[in-house]
Amino acid sequence: MSLENLYERMAQSVLAGEADGAAAMAREAVASGLDPLEAINRGYRVGMDRVGELFARGEYFLPDLILGGEAMKSALAVLDPALKARGGAQPVLGKVVLGTVAGDIHEIGKTLVGTMLSASGFEVFDLGTNVKTETFIEKVKETGADFIGLSALLTTTMRVQKEVIEALERAGLRAEVKVLVGGAPVTQKWADQIGADGFAEDAASAVAIAKKLAAARPALLTHC
Amino acid sequence: MKQPKLDLLAPETVARVIDEAFELLWDPGIRVHADQALELLAQGGAEVDFEGRLTRIPRGLAERCLATVPTSFDLFDWDGRPTVHYAEDQVHFDPGSAAIEILDHGSSSSRPPATADFVQFVKLAEGLPQIDAVATSLVCQDVPQTVGDLYRLYLVLRFARKPVVTGAFGVDTWHVMRELLATAAGGSAALAARPIAVFDVCPSPPLLWSEITCQNLIDCARARIPAELVSMPLAGATGPVTLIGSVVQHAAECLSGITIHQLAGPGSPIVWGGSPAAFDMRTGTPPMGAIETHMIDLAYSQIGKAIKPGGVPTHAYLGMSDAKVVDAQCGLESMSGALLGVLAGINMISGPGMLDFESCFSLEKLVLDAEIIGMVKRLKRGIDDSGSSLGLEIVRQVGHQGGFLKTRHTRDHFRSEQYIPSAVIDRDVRQTWHDKGAKDAAARAHERVAQVIAAYQPKPLDPHLVRELEAITLNAAKGEGMDQLPELPA
């Protein structure tokens, strides 16, 4: 099989959301001495870009987006260590601490964003749902995160996003970490009001925003 | 897998309706204004008063004719595929017909449609996948009314690939329309073997056949082109006000049509259809969106399915509204009719796009109705209960963690489990809806009309065939003093 063929099959595995197939091909590629960075950029990443385009055109839907992201992640899980073993590394786009704020157990939007960020080359620390404010702060300290993503699906829990920002300020971390907020009731106006750095109104923008982040760092902005 | 089905009438009521309908065929009998039909009836054994144009049809004769009616038939598209199945409880939709007015988006006044409107309409109906057949839905005002029927068919044959629901306005024009169809289909035998069109033929309530429609009926039977009976008692005006009374009258009119039709061409396909309505006691109008109109439709389709073993194929005018613009009334009445129609398993449902007592067409309404059709066809498919485990396996697999969205199970099934509407149906969060211009359904539909028409792919037609169709149409138009056909849009 030609290399171009192999890259196309890698892209297809992401388009089809085949996590197992994507990982298996990545292992074969590593075993045969292929440059992992080439496999990522000319194979899987191309598939992920196409997933994003199809989603934007209305032909792909949330499950396609998520499983595409999962397939991407599973390939990266194989290729990243191989890359490091060669003394190389994927350009690190940033570390993101992510979670749904205290009192709120909504998960879908936050998880989708996490998947898409991971698939785009970010290191994501997903703390889950109903995350206490102090847990966010501890994790930012522990990981040296560049971003913190705060999700809230209820008007009653939106205000907790503000509490987390205030806690970051008290901990002296606010200048080092960009705060991204999201969730159904969250608007740009609210983001401005609480002093967040970025906002996106729905999960659908996740791909575009992840790409923008990847391209624009460190002059970035966004959400979760 | 169970498909939802709604029967309004009890079995014993069905039997009584059928008995009473047969009795009406004998007393008071059926008035028939077509000599050929009276002769056929006399030869078949009916009592005929040629002078009074009245026939009394014995039950035995009507039953013999009923026995030769096919229980099913197909309509074929331009590629020769049988895409419409008049069979069992299968459901299809075609746009309503025939509008003498069209409503432009944003206007509160309608206007008479012309050729350019008709072409836009066909392109739109072709591009909406929810619509199974096109119809000759608009009466173009830029050709003489006497050739308006065949001219519509000519336009459809030039632009549409889908099968056609049509009808003739005269005895002679029917023959021109047959010629157009036969030419397009590759000859009369090919047309009979693989029909691409069905003709609506309408008795006049109560219990009367006009010369034109009765002759159309006979000609369809002889040419073996499917005919669709459109019996239309107006409950309280030209039929009994009781819904069941109008169902009886409808059945008698259909049985009389079937008798004449099968005497002329035994075994020719014919449809048990109609366009009855309740009668509005305040305004004197025939409300097509009234729930009682829908109830009569459902009840008569139940009779059609029970009238012989295997039933007679069925049709109804549903999915219409009497609103004057594309508003809330338009939506609620259209959904009611379409929803009930699929639950009754009516083979062909005509009506999408129609406003104002079946007289005014709206392209925006057709686009919205297409979404209704998508939804009700989804309902019709029912809830899939195949597979060894219904929900046990997947719920166990995912457990308390949640996160069904990222399972392969979700990705594998969501496209078949859900009807995915176009952007006409608003499911954005409010902020996004605002960002997109805060448009209401009619405004979104207007945008989609333009998109679908722009995406239309020309029908690949042999230039020789185009010239033949043109010549047949022009020849008929010349007889009405028209020297050339209106120019067609590019």
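The chains referred to below are lettered A, B, ... by the order of the sequence lines, with proteins before strands, and numbering in each begins at 1. The figures here come from the full heavy-atom set of this structure, side chains too, leaving out hydrogens, waters and symmetry mates.
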message = I'd like to know whether A/Leu112 forms a side-chain contact (heavy atoms from CB on, under 4.5 Å) with B/Leu405, so could you lay out the CA-CA distance, the side-chain angles of the two residues, the decisive distance to 0.1 Å, and finally the verdict.
response = CA-CA 9 Å; A/Leu112 174 57; B/Leu405 190 56; 5.5 Å; no
key: Under 4.5 Å from a heavy atom of chain A, the part of B/Arg408 involved   = both
query = By number, which residues in residues 367-389 of chain B have some heavy atom less than 4.5 Å away from chain A?
reply = none
remark   = Against chain B, residues from residues 10-23 of chain A with at least one heavy atom under 4.5 Å, in numeric order, are A/Leu15, A/Ala16, A/Gly17, A/Glu18
ask   = Taking the six-membered ring of A/Tyr60, is NZ or CZ of B/Arg411 closer than 6.0 Å to its centre and within 45° of its axis?
value = yes
request  = Taking atom CD of A/Glu59 as the centre, report whether more than 12 heavy atoms of other residues, nucleotides or ligands fall under 6.0 Å from it.
outcome  = yes
query = Do other residues, nucleotides or ligands put more than 12 heavy atoms under 6.0 Å from B/Gln3 CD?
reply = yes
key: Close side-chain approach of A/Asp64 to B/Phe414, heavy-atom, < 4.5 Å   = yes
remark   = Correct closest heavy-atom pair for B/Thr407 and A/Leu67 would be O-CD1, 3.8 Å
message = Does atom CD1 (A/Ile105) have a neighbourhood of more than 12 heavy atoms from anything else shown, all under 6.0 Å?
response = no
inquiry  = What part of B/Ser422 gets within 4.5 angstrom of chain A, counting heavy atoms only: side chain, backbone, both, or neither?
reply    = neither
query = A/Glu70 and B/Lys406: which non-hydrogen atoms are nearest, and at how many Å?
reply = OE2-CD, 3.7 Å
ask   = Are there more than 12 heavy atoms of other residues, nucleotides or ligands under 6.0 Å from atom CZ of B/Arg430?
value = no
